[in-house]
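These notes are about the structure you will find just below.
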Amino acid sequence: MSRRKSICRIAAAVGLLLTSTASALAQSTPQPAQDGMLKSGPPAWDANHDGVYTCDEWKSFADRIFTSADRNRDGKLDPSEFAIVQKIDPSLADADFGYFDENQDGKITRKEFVEKPNAFILRFDRNGDCRVTGDEMKAANAPKGPQGPVERPRDRFH
């Protein structure tokens, strides 16, 4: 076999090896986890569908959810009615009864539910204007370099 053919076969083998190695690495390299608050898509409570999520839109949505879940119409949610809340919207599937039951009396009033800060807004509203824009969501999910701790936005609901 000529030297030229040997070199060509070696080059082809190396190319094949590199291609299969890159493919294997791509399959085994873990992909960055998508933010849990965004995994179910944009929040359903964006009433005007402008891609900006506001506190007022959240409160209106929360009020509708409360009304739907309050089966006995007593103005309070018990744990069984709260289970309905958890099924209404994917973002509330893991919601905790105790988080909303501020006075820990075993019931959640409309005020306790509607006025409770929304975790999505607390997480993404970087400038404290009670509005989450696409730019704020992108910035929150952008890779961060080494830096100090970020101050959590203050509760703008109370």
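We're numbering straight along the sequence, starting at 1. Keep in mind that this is a model prediction, so the values were computed, not measured.
- Within the 3.5 Å criterion, the main-chain N or O of Ala47 finds a donor-acceptor partner in the side chain of Glu57.
- Nearest heavy-atom pair, Trp58 versus Val114, reported as atom, atom and distance to 0.1 Å: NE1-O, 4.3 Å.
- Between Phe113 and Phe66, the two ring planes are tilted [angle within 30° to 60°].
- With rounding to the nearest 0.5 Å, the separation of CZ in Phe82 from CG in Leu92 is 7.0 Å.
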Point to revise | Worked check of side chain to side chain contact (heavy atoms under 4.5 Å, CB included) between Arg71 and Ile84 | key: CA-CA 9 Å; Arg71 299 291 183 180; Ile84 297 166; 3.2 Å; yes
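- Residues Asn127 and Glu136 meet the side-chain proximity criterion, which asks for heavy atoms closer than 4.5 Å.
- Between Arg110 and Asp63, at least one side-chain nitrogen of the basic residue sits less than 4.0 Å from a carboxylate oxygen of the acidic one, meeting the salt-bridge criterion.
- Scanning all heavy atoms of the two residues, the minimum distance from Ile121 to Asn118 falls at N-OD1, 3.0 Å.
- There is no path of hydrophobic side-chain contacts, each under 4.5 Å, that joins Val52 to Phe120.
- Without hydrogens or angle criteria, Glu112 side chain to Glu102 main chain gives a donor-acceptor distance under 3.5 Å.
- Looking at Asp125, its side chain does come within 3.5 Å of a backbone N or O of Asp129 through a donor-acceptor pair.
- Using a distance-only test at 3.5 Å, with no hydrogens or angles considered, no donor-acceptor pair links the side chain of Gln86 to the main chain of Asp94.
- A donor-acceptor pair is defined here as one N or O able to donate and one able to accept, closer than 3.5 Å; no such pair exists between the side chain of Lys107 and the backbone of Asp101.
- No donor-acceptor pair under 3.5 Å is formed between the side chain of Asp70 and the backbone N or O of Leu77.
- When all heavy atoms are compared, the tightest approach of Thr67 to Arg73 is O-NH1, 2.6 Å.
- How far CG of Asp135 is from CZ of Phe124: 13.0 Å, rounded to the nearest 0.5 Å.
- Looking only at atom types and distance, the side chain of Asp56 has no donor-acceptor partner in the side chain of Thr54 under 3.5 Å away.
- For the pair Ser68 (side chain) and Arg64 (backbone), a donor-acceptor distance under 3.5 Å is present.
- Taking the ring centroids of Tyr53 and Trp45, they lie under the 6.0 Å cut-off.
- There is a side-chain donor-acceptor pair under 3.5 Å between Asp78 and Ser80.
- Taking both residues in full, the closest heavy atoms of Pro79 and Gly106 are given as CD-O, 3.9 Å, listed atom of the first, atom of the second, then distance.
- Formation of a donor-acceptor pair under 3.5 Å by the Asp46 side chain with backbone atoms of Asp50 is found in this model.
- Across Pro117 and Leu122, no two heavy atoms sit closer than the pair CB-CD1, 3.6 Å.
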